[in-house]
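Beneath this line is the structure, given in structure tokens, with notes to follow.
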Amino acid sequence: MLKGHIRLTRAKFPQGCCGTQLDACARYAMWQEGVNYLHGTGHGVGSYLCVHEGPHQIRMNYMPSPLLPYMTVTNEPGIYKEGRYGIRIENTQIILPYKETEFGTFLQFDPLTLCPIDTTPIDWNMLDAEETEWIDSYHRRVYEQLSPLLDEEHGAWLREATRPHKRIL
């Protein structure tokens, strides 16, 4: 689930893609293990707290609405095993321009939600170096942007919650 969250967050894609075309980014690692979830991966978030605002969505079933610059969309793959547990990391992201090439305009996601990801349940051996670096980079951003707003006690908690992972070789 974490691998899918990271893969979708890091996606670069041509303007005009719809969320259906990107949905496999979030599901790929789970599919390799014979796991799937039967809900959407993300949805638009609009004004006035209209949380499930469309028409754009990220999901398996076809949703033709294109993802365009400055739309907000959630990234929330999740696995739920009835009577046992549920796992989900949810982040709201904004779609931003990435680059212009001879093939057109490319877009990327940028997290709007800045909250540490609990690293306690992570099996770091399942992540590659780029995924580990993404978590560390995201946590650096969380700390840099939020710590100036916190008192000493909460700043210390945030420093610990966002400390870089030390990879054991």
Side-chain angles (χ1 to χ4, degrees), residues 1-46 51-69 71-99 101 103-139 141-142 162 164-165 167-169:
M1 192 274 317
L2 177 59
K3 290 171 91 58
H5 180 85
I6 293 169
R7 188 175 289 227
L8 182 58
T9 296
R10 295 181 66 219
K12 310 296 191 262
F13 52 96
Q15 184 167 307
C17 268
C18 66
T20 305
Q21 293 168 299
L22 296 177
D23 187 73
C25 292
R27 295 176 192 267
Y28 178 79
M30 289 175 261
W31 285 349
Q32 302 316 296
E33 302 299 322
V35 176
N36 193 26
Y37 51 93
L38 303 176
H39 56 81
T41 300
H43 54 78
V45 178
V51 175
H52 290 95
E53 182 173 279
H56 63 291
Q57 296 181 33
I58 300 173
R59 58 186 322 111
M60 280 180 36
N61 45 324
Y62 183 59
M63 302 299 286
S65 298
L67 299 173
L68 301 172
M71 286 180 161
T72 56
V73 64
T74 62
N75 174 357
E76 50 182 304
I79 299 170
Y80 302 94
K81 295 194 175 183
E82 192 170 334
R84 294 184 278 169
Y85 63 86
I87 302 169
R88 180 184 292 218
I89 295 175
E90 181 171 346
N91 198 319
T92 301
Q93 304 174 132
I94 189 166
I95 300 169
L96 295 177
Y98 172 58
K99 67 167 63 172
T101 74
F103 299 101
T105 300
F106 284 75
L107 306 175
Q108 64 185 346
F109 296 114
D110 189 47
L112 290 174
T113 306
L114 296 176
C115 182
I117 295 170
D118 183 4
T119 59
T120 306
I122 295 175
D123 180 347
W124 293 95
N125 295 316
M126 293 179 69
L127 301 181
D128 64 29
E130 287 182 359
E131 293 163 336
T132 299
E133 174 51 35
W134 181 88
I135 293 170
D136 287 346
S137 175
Y138 172 73
H139 278 162
R141 180 176 174 185
V142 170
T162 58
H165 172 70
R167 185 165 265 242
I168 299 170
L169 300 175

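Heads up: numbering here begins at 1 and tracks the sequence.
- Residues Trp31 and Ala24 share a closest heavy-atom pair of CZ3-CB, 4.0 Å.
- Between Val45 and Leu112 there is no side-chain heavy-atom pair separated by less than 4.5 Å.
- Between Tyr28 and Arg7 there is a side-chain heavy-atom pair separated by less than 4.5 Å.
- The two residues Leu8 and Phe109 make their nearest non-hydrogen contact at O-CD1, 3.2 Å.
- Asn36 places no side-chain N or O within donor-acceptor distance of the main-chain N or O of Arg27, the cut-off being under 3.5 Å.
- Trp134 and His5 have perpendicular rings, their planes meeting at more than 60° on a 0 to 90° scale where under 30° would count as parallel.
- No donor-acceptor distance shorter than 3.5 angstrom exists from the side chain of His165 to the backbone of Glu133, with no hydrogens or angles considered.
- In this structure, Ala26 and Tyr37 approach most closely via the heavy-atom pair CB-OH, 3.7 Å.
- No donor-acceptor distance shorter than 3.5 angstrom exists from the side chain of Glu33 to the backbone of Met30, with no hydrogens or angles considered.
- In terms of heavy atoms, Glu76 sits closest to His43 at OE2-NE2, 3.0 Å.
- Of all heavy-atom pairs spanning Thr9 and Pro111, the tightest one is CG2-CG, 4.4 Å.
- Side chain of Thr41 to main chain of Pro77: no donor-acceptor pair is present (N/O by atom type, distance under 3.5 Å, no hydrogens or angles).
- In this structure, Asn91 contributes its side chain and Thr113 its backbone to a donor-acceptor pair below 3.5 Å.
- Atom CG of Leu67 sits about 6.5 Å away from atom NE2 of His56, to the nearest 0.5 Å.
- Counting only distance, with no hydrogens or angles, the side chain of Glu131 and the backbone of Asp128 share a donor-acceptor pair below 3.5 Å.
- Closest approach of Arg141 to Asp110, counting heavy atoms only: NH1-OD1, 2.7 Å.
- At distances below 3.5 Å, not a single donor-acceptor pair connects side-chain atoms of Tyr138 with backbone N or O atoms of Pro116.
- Of the possible polar contacts, one joining the His139 side chain to the Ile117 backbone as a donor-acceptor pair under 3.5 Å is found.
- Although no hydrogens or angles enter the test, the distance criterion places a donor-acceptor pair under 3.5 Å between the side chain of Lys3 and the main chain of Met126.
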